[in-house]
Amino acid sequence: MGGVGLGLLFVAIWASAFTAIKGVVPEWPALWGVALRFALVAPVLFVVLALRGVRWPARGDRWRILAMGVFGTAGYLAPAWIASTVLPSGLVALLSSTAPLFVAAGEGLVLGQRVPGRAWAGLVLGWLGVVILGAGRGLGSFHAAEAWAVLLALTGALSQAVGLLCFAPARARVDAWTANAGQTTASALTLLLLAWWLEPGLPAAPSLTLVLSLAYGVVVVGVGGYALYFVMLRRLPPATAAALQLLAPPLAAMFGWALLGETLAWTDVAGGLVTLAGLAVLFRARR
């Protein structure tokens, strides 16, 4: 499958993951839901590694995979799942997709890489959209919890950017399945510790909807989606790979509307359009 086909498949899986969250969080605490999803994925990936006979990477790259699991996955998805208990799935997808803004800024300010002027324009435009969205949630007729959920989802996007920047030097050296298994195990352990610490009550018996949603998250997203994600990280620069997420928010909003009956406020739509425009400018500048 070519680059365009991989990108479209990845976006569809990425967007649908936010819809699947909504099948879990009404019944189970968010952290337990995401922790068990990753705990179920990890053994499957180790079976795949055993069948493929893939060797573990060098010690230095192992630390990069660990950072990707702790920050790029656990630190990203834990806030996203908690935010999904309050916000529509399309809005959580939009906020999570701001990771490229953090990545591009980190490449220029932290790694000292040259960032084109048009990329900085995309950053400014992208964050302007976030300000519009945040102002609507914080100052409009919304619950205070929604404003905190917006900030929480943005914190998750920042954490994902940290993980991407840590893993970037190893992306061409590490097999995609190995990277997926390593970061999934690290994130599962991190999320289980967080769930045990912050949500001490164990989940109740699941409904059929929860089981199907969790199974989708394990098989399609956890195994297929993340393997595809690491393939893309090997082929593309980190900011470009992350920028492909700009198609996920509108698709996630469509899934939420069609499957869950969700709606978005006008400030969500306006801020989202501005942010996506900024991401598009950033993406074109980094090509």
Side-chain angles (χ1 to χ4, degrees), residues 4 6-23 25 72-73 76-77 79-104 122-137 142 146-147 149-161 164 216-217 220-221 225-226 228-229 232 238-284 286:
V4 174
L6 286 174
L8 292 176
L9 180 59
F10 169 74
V11 167
I13 293 175
W14 198 267
S16 65
F18 293 94
T19 309
I21 293 173
K22 289 292 189 175
V25 292
T73 303
Y76 155 61
L77 284 178
W81 276 62
I82 296 173
S84 294
T85 63
V86 178
L87 300 175
S89 56
L91 181 54
V92 176
L94 171 65
L95 294 167
S96 299
S97 73
T98 58
L101 303 177
F102 291 109
V103 171
L123 286 171
V124 172
L125 189 61
W127 285 118
L128 175 61
V130 173
V131 170
I132 294 173
L133 188 153
R137 287 282 163 174
F142 302 99
E146 293 181 326
V150 168
L151 293 176
L152 191 61
L154 288 174
T155 301
L158 173 60
S159 183
Q160 185 190 36
L164 285 168
Y216 182 88
V220 179
V221 181
Y226 272 91
L228 179 59
Y229 184 54
M232 294 174 59
T240 302
L244 287 173
Q245 296 177 43
L246 66 90
L247 294 177
L251 190 56
M254 290 180 60
F255 288 156
W257 169 75
L259 301 176
L260 305 173
E262 295 178 339
T263 58
L264 297 174
W266 72 267
T267 50
D268 297 336
V269 176
L273 290 175
V274 175
T275 295
L276 292 176
L279 288 169
V281 172
L282 174 63
F283 176 70
R284 291 181 63 87
R286 301 308 298 265

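The first residue of the sequence shown is numbered 1, and numbering continues consecutively from there.
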With rounding to the nearest 0.5 angstrom, report the [atom1] to [atom2] distance, [X] to [Y].
X	Y	atom1	atom2	value
L260	T19	CG	OG1	6.0 Å
I21	Y216	CD1	OH	11.5 Å
M254	L259	CE	CG	10.0 Å
F18	L77	CZ	CG	7.0 Å

Considering non-hydrogen atoms only, spot the tightest contact between [X] and [Y] and give its length.
X	Y	answer
S89	E262	OG-OE1, 2.7 Å
P79	G156	CG-CA, 3.8 Å
A83	A153	CB-CB, 4.2 Å
A157	S96	CB-O, 3.8 Å
F102	L154	CE1-O, 3.8 Å
V86	A149	CB-CB, 4.3 Å

Heavy atoms, side chains only, cut-off 4.5 Å: are L91 and L95 in contact?
yes
In the structure I gave you, are the side-chain heavy atoms of L94 and L276 within less than 4.5 Å of one another anywhere?
yes
Polar side-chain atom of S159 near backbone of T155 as donor-acceptor pair, under 3.5 Å
no
Just jot down the side chain to side chain contact (heavy atoms under 4.5 Å, CB included) partners of V124, sequence neighbours excluded, or say none.
none
S84: partners by side-chain hydrogen bond (donor to acceptor under 3.5 Å, both in side chains), with sequence neighbours left out:
none
